[in-house]
Amino acid sequence: MTRRADLYRPTTISDGEGGYTTTFTLQETVWGDFRPQEQNRALLEAELSFTRMAKLFIRWDITINDNYQLEVEGDRYTIHSIKDVDNAHRFFEIIMYF
């Protein structure tokens, strides 16, 4: 567990004009095992798009779901999936995209 990860929770707030907007507020800072994965490059509707995937392993005793965002090494990641490793209630394996 050598990488610092900031866990951001989505918060819905009023935009002052009768609607709502979602912002992300820092919930807590955790330490984990960060493993960058392959990178993809694609041409989507005449624009070049880069996708970077990573895995993060963190301890099981936090509240998190796939609506949260994680900031690791200065990059903000969107969570794709969260898995309890071996159903042992010890570690989460989080797959996320940049």
Side-chain angles (χ1 to χ4, degrees):
M1 304 294 174
T2 60
R3 302 281 187 218
R4 176 184 165 166
D6 294 329
L7 183 63
Y8 289 89
R9 179 179 52 128
T11 304
T12 304
I13 59 172
S14 172
D15 65 2
E17 297 179 6
Y20 293 93
T21 186
T22 300
T23 61
F24 289 88
T25 55
L26 181 64
Q27 177 179 335
E28 65 181 288
T29 299
V30 296
W31 291 89
D33 181 16
F34 180 68
R35 299 179 187 174
Q37 303 293 310
E38 74 275 357
Q39 296 182 22
N40 293 342
R41 184 174 71 172
L43 187 62
L44 300 172
E45 296 183 16
E47 288 188 21
L48 195 56
S49 172
F50 292 95
T51 303
R52 183 172 29 176
M53 186 179 100
K55 288 184 182 180
L56 179 69
F57 294 88
I58 58 175
R59 298 218 182 266
W60 189 78
D61 59 346
I62 65 167
T63 302
I64 189 171
N65 64 38
D66 59 355
N67 293 330
Y68 286 48
Q69 290 185 350
L70 287 160
E71 186 172 320
V72 182
E73 297 181 346
D75 293 327
R76 184 75 64 102
Y77 290 88
T78 301
I79 296 174
H80 178 267
S81 65
I82 301 171
K83 182 175 91 171
D84 181 7
V85 178
D86 297 329
N87 290 326
H89 303 298
R90 293 182 55 211
F91 296 100
F92 283 127
E93 175 188 48
I94 302 171
I95 297 175
M96 51 194 186
Y97 290 96
F98 175 69

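- Shortest non-hydrogen contact noted between Tyr68 and Thr63 is CE2-O, 3.8 Å.
- Annotation: ring-ring contact (aromatic ring centres under 6.0 Å, His included) contacts involving residues 13-38, sequence neighbours excluded, comprise Phe34-Tyr77.
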Show every donor-acceptor pair shorter than 3.5 Å between a side-chain atom in residues 86-98 and any protein atom, with sequence neighbours excluded, or say none if there are none.
from, atom 1, to, atom 2, distance (Å)
His89, ND1, Asp84, OD2, 3.2
Glu93, OE1, Lys83, NZ, 3.4

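- We find the CG-NZ distance between Asp33 and Lys55 to be 11.0 Å, quoted to the nearest 0.5 Å.
- Note that OG1 of Thr25 is 11.0 Å distant from CD of Gln69, once rounded to the nearest 0.5 Å.
- Cluster membership check: Phe57 does not share its hydrophobic cluster with Met53, using side-chain heavy-atom separations under 4.5 Å among Ile, Leu, Val, Met, Phe, Trp and Tyr.
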Check against side chain to side chain contact (heavy atoms under 4.5 Å, CB included), Ile62 and Gln27: CA-CA 10 Å; Ile62 65 167; Gln27 177 179 335; 5.9 Å; no
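- Around CZ of Arg4, the count of heavy atoms belonging to other residues, nucleotides or ligands within 6.0 Å does not exceed 12.
- Counting only heavy atoms from C-beta outward, the side chains of Leu70 and Leu7 approach each other to under 4.5 Å.
- Grouping the Ile, Leu, Val, Met, Phe, Trp and Tyr side chains by contacts below 4.5 angstrom, directly or via other members, places Ile64 with Leu56.
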From CA spacing to verdict: side chain to side chain contact (heavy atoms under 4.5 Å, CB included), Thr22, Asn67: CA-CA 11 Å; Thr22 300; Asn67 293 330; over 6 Å; no
